[in-house]
Amino acid sequence: MNDYDTIAAISTPVGTGGISIVRLSGEKAFEITEKVFSRPNGKPFSEAGANTLSYGHIIDTEGSIVDEVLVGKMLAPHTYTTEDTAEINCHGGLFAARSVLALLLKNGARVAEPGEFTKRAFLGGRIDLSQAEAVEDIITSKTELFTKIAAGQIAGALKNAVNAITDKILILLSDLEVTIQYPEYDIEEVTVGRLRDSLEEIRDDIEALGATYRKGEISREGLRTVIAGKPNVGKSMLLNRILDEDKAIVTDIPGTTRDVVDELVNLSGVPVKLMDTAGIRESSETVEAIGIDRSVAAIKKADLVLWTVDVSSPLEQEDIRLRTEISGRPFIAVLNKCDLGINKETLDYFRNDECIVCSAKTGENMEKVTGVIADFAMDSPGDITSAALIVNARHKALIDKAADAIGHAISSLDEGMPEDLIEIDINDCRDYLGEITGETAREDVIDDIFSRFCLGK
Ligand SMILES: Nc1nc2c(ncn2[C@@H]2O[C@H](COP(=O)(O)OP(=O)(O)OP(=O)(O)O)[C@@H](O)[C@H]2O)c(=O)[nH]1
Ligand SMILES: [Mg+2]
């Protein structure tokens, strides 16, 4: 078994649907297809033109029809994998595609590993590793914004940004090489000054890229927004109002919500993971106490807390204690139930905090609540869809290491270290960036990335 044998897999989800696609890629893709595919005009598949769809039937070893199909023929190197590729469009459902796949395997194909088609696109040089990872991102995307970003990454947004930095590093390294090779020339003064400028420029570029991670993460997972507060202040009603759906149970009994209820919602283009939690109070009741522990845990991990209180009544100790739980997390005070009146002391308590007076029941000021959440997450989400963005933890870790390496080079330069030592740091930086694009990534790292892909991709 080598990397370049002919592989086959069902590329569409298993189950009922209009069509299922079985994909074949490799040197023998057309030869194997020809053995199982019969066209009404009697012509062999080898005579079908490049980039065409041919109608016909898949025939099993006994000569019976397995399915009526359309077969796409795509010639290397202009294919997804860069290899010869055949795509058999069968009827959807559980069995047609499986029978076709089984027949292809019997005729010499090997079943593809998860991500193997995309891995071949990478090994064939059509895409870099960041583009390959974006393919899986778009498949597993849970938000509209992240889908757009992943499409931009597939088109090369991150690859181009990383390569632009790498190009600067290469120029710097060749300058440095001159100094190391010809130390007898008295060019040190000029070189050190220029070297420092270039190093700083590269560090700024890397750090600017690293700073995009917050938006990248929010676009992928949604801003973790936790609705917290004492029981009965209207947290669940607030969730339902923002979602415009009866998702959480609302009653006038304090302690109604027992578990964290969450939902991804799109607020002005920003994905937000909104979480309703159990009201926090002293409770000896087992189930409620577990729920309260979960509320506290959710607050600790929140990007933003909506600290909800009933603004129509005086605050209680149970309200005020929340400040300790929330401490350290960004929060907005949601002063709910304003339709029942406004208690002056309650309002006054929040005079130094960002707060919104509203009513989940009547909908008053709800657009302010959603607006503040979206603004907190990011401004102009539309602008980031084609930008170079760090969206995964692997890339972020490498960007941080690259920034550290270049920072180390700068301090070594300031300390008057020899150029060849500085060169080592700069080369490290380049290697870390190369791991993002795959240029310098180790084989086991590459294998690991593709093994997490879906089957058939
Ligand atoms: N008048 C008025 N009533 C509200 C408002 N928001 C919620 N309520 C009422 O307050 C009561 C409690 O609402 P919930 O949304 O269940 O409160 P909660 O904070 O989720 O309560 P727990 O789950 O017990 O912690 C219900 O009777 C709601 O109808 C509001 O803005 N105005
Ligand atoms: Mg509730």
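Index from 1, following the sequence. We count ligands from 1, going down the list as the structure has it; atoms in each ligand are counted the same way.
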Check each heavy atom of [X] against ligand 1 and say whether those closer than 4.0 Å belong to the side chain, the backbone, both or neither.
X	answer
Ile253	backbone
Pro254	backbone
Asp252	both

Drop me the distance from Glu87's CD to Leu24's CG, to the nearest 0.5 angstrom. 9.5 Å

Give the single entry among [options] that approaches [atom] most closely by any heavy atom.
atom	options	value
atom 8 (N) of ligand 1	Lys337, Arg281, Lys361	Lys337
atom 16 (O) of ligand 1	Thr251, Asn232, Asn336	Thr251
atom 28 (C) of ligand 1	Val233, Thr257, Val250, Ile280	Val250
atom 31 (O) of ligand 1	Gly229, Pro231, Ala360	Ala360

Sidechain N-carboxylate O distance under 4.0 Å for [X], [Y]:
X	Y	value
Lys230	Glu316	yes
Arg351	Asp348	yes
Asp448	Arg394	no
Asp310	Lys361	no
Lys142	Glu221	yes
Arg224	Glu217	no

If you measure every N or O of [X] against every N or O of ligand 1, does any of those distances drop under 3.5 Å?
X	answer
Cys338	no
Gly255	yes
Thr277	no
Gly279	yes
Cys358	no

Of all the non-hydrogen atoms in the protein, which one sits nearest to [atom], and at what distance?
atom	answer
atom 17 (O) of ligand 1	Gly234 N, 3.1 Å
atom 29 (O) of ligand 1	Met237 CE, 3.4 Å
atom 18 (P) of ligand 1	Lys235 N, 3.4 Å
atom 32 (N) of ligand 1	Asp339 OD1, 2.8 Å

Is it the case that the side chain of Lys159 and the backbone of Ile436 share a donor-acceptor pair, with hydrogens and angles ignored and the cut-off at 3.5 Å? no

Is the backbone of Asp137 close enough, under 3.5 Å, to the side chain of Ser141 for a donor and an acceptor to pair up by distance? no

Check whether NZ of the Lys or CZ of the Arg Arg126 lies under 6.0 Å from the centre of the six-membered ring of Phe117 and within 45 degrees of that ring's axis. no

To the nearest 10°, how many degrees is the angle Thr257 OG1 to the Mg ion (ligand 2) to Ser236 OG? 90°

Checking Arg241 now: which residues fulfil salt bridge (Lys or Arg N to Asp or Glu O under 4.0 Å) with it, not counting sequence neighbours? none

